[in-house]
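Naming: A, B, ... by sequence-line order, numbering from 1 per chain.
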Number of protein chains: 4
Amino acid sequence: MVGRPRSEVARKAILRAALDLCARDGYQNVTMKGIAQVAGSGRQTVYRWWQTKAQVLLEALTDVLAEEVPELPDTGDARADLVTFLEQTFTLARGVAGQVVVGLMADAQSDAELAAELRAKIINPRRAALRAVLARGAVPDDVELELAVDLVFGAMWYRLLNRHAEVNQELAEEIAGLLARIN
Amino acid sequence: MVGRPRSEVARKAILRAALDLCARDGYQNVTMKGIAQVAGSGRQTVYRWWQTKAQVLLEALTDVLAEEVPELPDTGDARADLVTFLEQTFTLARGVAGQVVVGLMADAQSDAELAAELRAKIINPRRAALRAVLARGAVPDDVELELAVDLVFGAMWYRLLNRHAEVNQELAEEIAGLLARIN
Amino acid sequence: MVGRPRSEVARKAILRAALDLCARDGYQNVTMKGIAQVAGSGRQTVYRWWQTKAQVLLEALTDVLAEEVPELPDTGDARADLVTFLEQTFTLARGVAGQVVVGLMADAQSDAELAAELRAKIINPRRAALRAVLARGAVPDDVELELAVDLVFGAMWYRLLNRHAEVNQELAEEIAGLLARIN
Amino acid sequence: MVGRPRSEVARKAILRAALDLCARDGYQNVTMKGIAQVAGSGRQTVYRWWQTKAQVLLEALTDVLAEEVPELPDTGDARADLVTFLEQTFTLARGVAGQVVVGLMADAQSDAELAAELRAKIINPRRAALRAVLARGAVPDDVELELAVDLVFGAMWYRLLNRHAEVNQELAEEIAGLLARIN
DNA sequence: CATTAAACGAGACGGTACGTCATGTCTTTGA
DNA sequence: TCAAAGACATGACGTACCGTCTCGTTTAATG
């Protein structure tokens, strides 16, 4: 026998509520209780499918990215493609997705399981994408791509976290320009 | 009457306890209650001088760095100096100081005041130091130094947070090598 | 059309489970969820036929008593008959039936409907039986029988609840002895 | 060092709230959460001093009885004293105290510790008092007093629980009358 | 027989009380 | 007047059971 099937309505409402609360109150101030309340669902329904608010937001983020992440640009101009890719990434990072992923990264510092999931579902795919773009000629062939990825996304993360500067098109162009100067 | 003066003993015990707990349980699991308990002080004594655990740990970190941060290397060999500087920085980052600063950065995402203090007391001094080292010839003169700093420290932060790779001497050398290839 | 008829198997399993759980965990710790689980039935099947665990246990108790309650003794010796009747009653009260009826009485304190059903199905029939036994000469004719019933069953209930003394043959004989001294 | 002393205000408010809620909603519907809320105290403050609502109400009841229980009557007329004593007892039993003690007795069925406390603090003192009154001549000297106490208070408890008749002066007089007929 | 409608098991749903924990404030005694 | 101790009001935590609601699966009486 099967029992009542999971309510897709409730699932969507919970993910939606989690994102809304994150946008409204900031990641740290989101609570499981608040998510359930705003979603109009019972607390147990949230806990039945996710262990922590981080799990909820990770799934919410995954869903959002699945919809919003664009195709890799491939115009033949390596440098222009890199700028396009970065600006697309930065646009996402400036929105709720950025807030969520920064919060998740913060929580992941004290939750190894979350850290692994975050890397597997969010971080590594983006790293692979950047690596692919870089490999098309944005840096010389003999440059260690992992290092280049660390430098480029590192700069983005650093600015997202520390907020000492914007993560915008200007940054994308400066990075592409500097990488192009490597001989 | 002037009252009883602030107890330096209590202050030290609290900062020490905060660092110990951070090393033992991780930043997120440190609590004000726990700090007071381990320090053998009253809860109110902690709150009298600091508002949050972040403030406590920020002061503890500041004290630690004041003791442990070495002089800027200046041997005349710009690239070697950069490697030395980075390795010194990375060594600190791999220890408790790294754990603390990552936790503080996480908390700072939802606490603007803490973010400002963190930048002023910890982040910006290190940025200035790296900038100084870079300015001695590790990169061409016309490279925007702020960008270079973002890329270098960004890579460090990215690895500290995401833990996909070590923050060690190899990284220092790879970074210095890549910067040296910019023409 | 009539649909599937009620399953007698499920009904028996549920009443059995309710009694077993009451014996194992005590009345207060019995839950509807637990009853359904132990009975191997769905929760809705329990709720379809009974509103509360009290209703379930009341029916279970009624079934048990229907099987186990013996005939009224009638040997001609009024005092001996009273002792026999009391000892039969006390034996039931010392078993699961006692535990159940005490629990039901407790619940009935905050459930008037249950209280009425409990009186109608369990309490009053036993009162009538005791009254009949007493009326055969165990007390003088001019003694108010309702009062005598209250005193005798009251003592039983008091001991069942408060557990300051056993509800056993000795009690039966002492009661009969004292009633016999009323002139 | 000693710390902040227990707040007598909070203690009184909690006991008061427990009694009020018991009177308003019935014993079974009283919750720890509700008590704290009505008392205007924190939930932890209740749990700090009492483990269960039964403990709270037991202490509340003890306090009430300490104030309201009158002296034992001793006029020289044994039967009149018994009636007076019973009517005083019944008056208490008809009020909130009766509701509380019945609820406590119900809970005590599944909580041995509570049962012991209830006997020690409430039940046994009243038994001793009734015994003293009976010993002054309300029953013949050779009647087993424990049994007489069981019959008299048993009748009261039976009526309190089962509500098939009032617990009033008429009952007091009938009981005294019947006891007087024992030869 | 095939139809059909209600009972069945399973289990998810929105609620709510549970007992615990950390928060930041307060109120004592003692130094 | 500060320090320790610890009680205070508050509110989130994760769990348990409540009573209701879907599901897909029996199971008999009816057409």
Side-chain angles (χ1 to χ4, degrees), chain A residues 1-11 13 29-37 39-49 51-53, chain B residues 1-7 9-11 13-14 29-37 39-49 51-53, chain C residues 1-11 13 29-37 39-49 51-53, chain D residues 1-11 13 29-37 39-49 51-53:
Chain A
M1 305 260 171
V2 289
R4 179 173 175 173
R6 176 173 184 182
S7 162
E8 187 62 19
V9 171
R11 179 181 166 274
N29 297 318
V30 175
T31 67
M32 288 295 253
K33 187 177 187 178
I35 291 172
Q37 215 154 39
S41 83
R43 216 120 63 87
Q44 195 62 50
T45 300
V46 184
Y47 281 111
R48 190 174 297 120
W49 304 108
Q51 287 76 48
T52 60
K53 71 169 176 179
Chain B
M1 299 255 171
V2 289
R4 182 169 171 176
R6 175 174 182 182
S7 161
V9 172
R11 178 180 167 276
I14 288 167
N29 298 317
V30 175
T31 65
M32 289 294 254
K33 189 178 187 177
I35 292 172
Q37 213 155 39
S41 80
R43 215 117 65 85
Q44 195 58 41
T45 302
V46 184
Y47 281 109
R48 191 171 298 123
W49 306 110
Q51 285 77 48
T52 62
K53 71 167 178 181
Chain C
M1 299 263 168
V2 288
R4 181 173 173 175
R6 176 175 183 181
S7 161
E8 186 62 17
V9 171
R11 178 181 167 274
N29 298 317
V30 176
T31 66
M32 289 294 253
K33 188 178 187 177
I35 291 172
Q37 213 154 40
S41 81
R43 215 119 63 87
Q44 193 60 41
T45 301
V46 184
Y47 281 109
R48 187 161 17 244
W49 305 110
Q51 285 75 49
T52 61
K53 72 168 178 181
Chain D
M1 306 258 170
V2 289
R4 180 173 174 173
R6 177 174 183 181
S7 161
E8 188 62 18
V9 171
R11 177 181 166 275
N29 297 318
V30 175
T31 66
M32 289 294 253
K33 187 177 188 176
I35 292 172
Q37 216 154 38
S41 82
R43 214 120 63 87
Q44 195 62 48
T45 300
V46 184
Y47 282 110
R48 189 174 297 120
W49 304 109
Q51 287 76 50
T52 60
K53 71 169 178 181

J.: What distance separates B/Gln51 CD from B/Met32 CE, expressed to the nearest 0.5 Å?
T.: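 Answer for the CD-CE pair, B/Gln51 versus B/Met32, is 8.0 Å.
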
J.: Looking at F/dC18, F/dC8, E/dT23, which one has an atom nearest to any side-chain atom of B/Lys33?
T.: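 In terms of side-chain proximity for B/Lys33, the closest of F/dC18, F/dC8, E/dT23 is E/dT23.
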
J.: Find the distance between CG (A/Asn29) and NZ (A/Lys53) and round it off to the nearest 0.5 Å.
T.: 7.5 Å

J.: Should the side chain of C/Arg4 and the base of E/dC8 be counted as holding a donor-acceptor pair, with the cut-off at 3.5 Å?
T.: no

J.: In chain order, what residues pass the salt bridge (Lys or Arg N to Asp or Glu O under 4.0 Å) check against A/Arg11, with sequence neighbours excluded?
T.: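 For A/Arg11, the residues satisfying salt bridge (Lys or Arg N to Asp or Glu O under 4.0 Å) (neighbours in sequence not counted) are A/Glu8, A/Glu59, A/Asp63.
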
J.: May I have the distance from D/Arg6 (atom CZ) to F/dA7 (atom C1'), rounded to whole angstrom?
T.: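 After rounding, the gap between these two atoms is 10 Å.
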
J.: Reading DNA chain E from 5' onward, which residue's closest nucleotide shows up sooner: C/Glu8 or D/Val30?
T.: C/Glu8

J.: Please tell me which of B/Thr52 and D/Met32 maps to the more 5' nucleotide of DNA chain E, matching each residue to the nucleotide holding its nearest heavy atom.
T.: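 Looking at the nearest nucleotide for each, D/Met32 comes out on the 5' side.
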
J.: For E/dC8, does OP1 or OP2 lie under 4.0 Å from any side-chain N or O of C/Trp49?
T.: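 For C/Trp49, the contact criterion (side-chain N or O under 4.0 Å from OP1 or OP2 of E/dC8) is met.
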
J.: Report yes if a donor N or O on one partner sits less than 3.5 Å from an acceptor N or O on the other, where the partners are the side chain of B/Arg43 and the base of F/dG6; otherwise report no.
T.: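 In this structure, the two groups form no donor-acceptor pair.
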
J.: In whole angstrom, what separates C/Tyr47's OH from E/dG11's P?
T.: 17 Å

J.: On DNA chain F, check which nucleotide each of D/Ser7 and B/Ala39 is closest to and give me the residue with the more 5' one.
T.: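 This one resolves to B/Ala39.
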
J.: I want to confirm an ordering. Mapping B/Ser41 and C/Thr31 to their closest nucleotides on DNA chain F, which one lands closer to the 5' end?
T.: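 Per heavy-atom nearest nucleotide, the more 5' residue is B/Ser41.
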
J.: Among the nucleotides E/dT27, F/dC8, F/dA28, which one has an atom lying closest to any side-chain atom of D/Pro5?
T.: E/dT27

J.: Picking from F/dC8, F/dA29, E/dG9, which would you name as closest to the side chain of D/Thr45?
T.: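 Looking only at heavy atoms from C-beta outward on D/Thr45, the closest nucleotide is F/dC8.
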
J.: So what does A/Gly34 touch, heavy atoms closer than 4.0 Å: a base, only the sugar-phosphate, or nothing?
T.: nothing

J.: Using only modelled atom types and a 3.5 angstrom limit, is any donor from either the side chain of D/Gln44 or the base of F/dC8 paired with an acceptor on the other?
T.: no

J.: Show the nearest heavy-atom pair for residues D/Ala13 and D/Ala39, with the distance to one decimal.
T.: O-CB, 3.6 Å

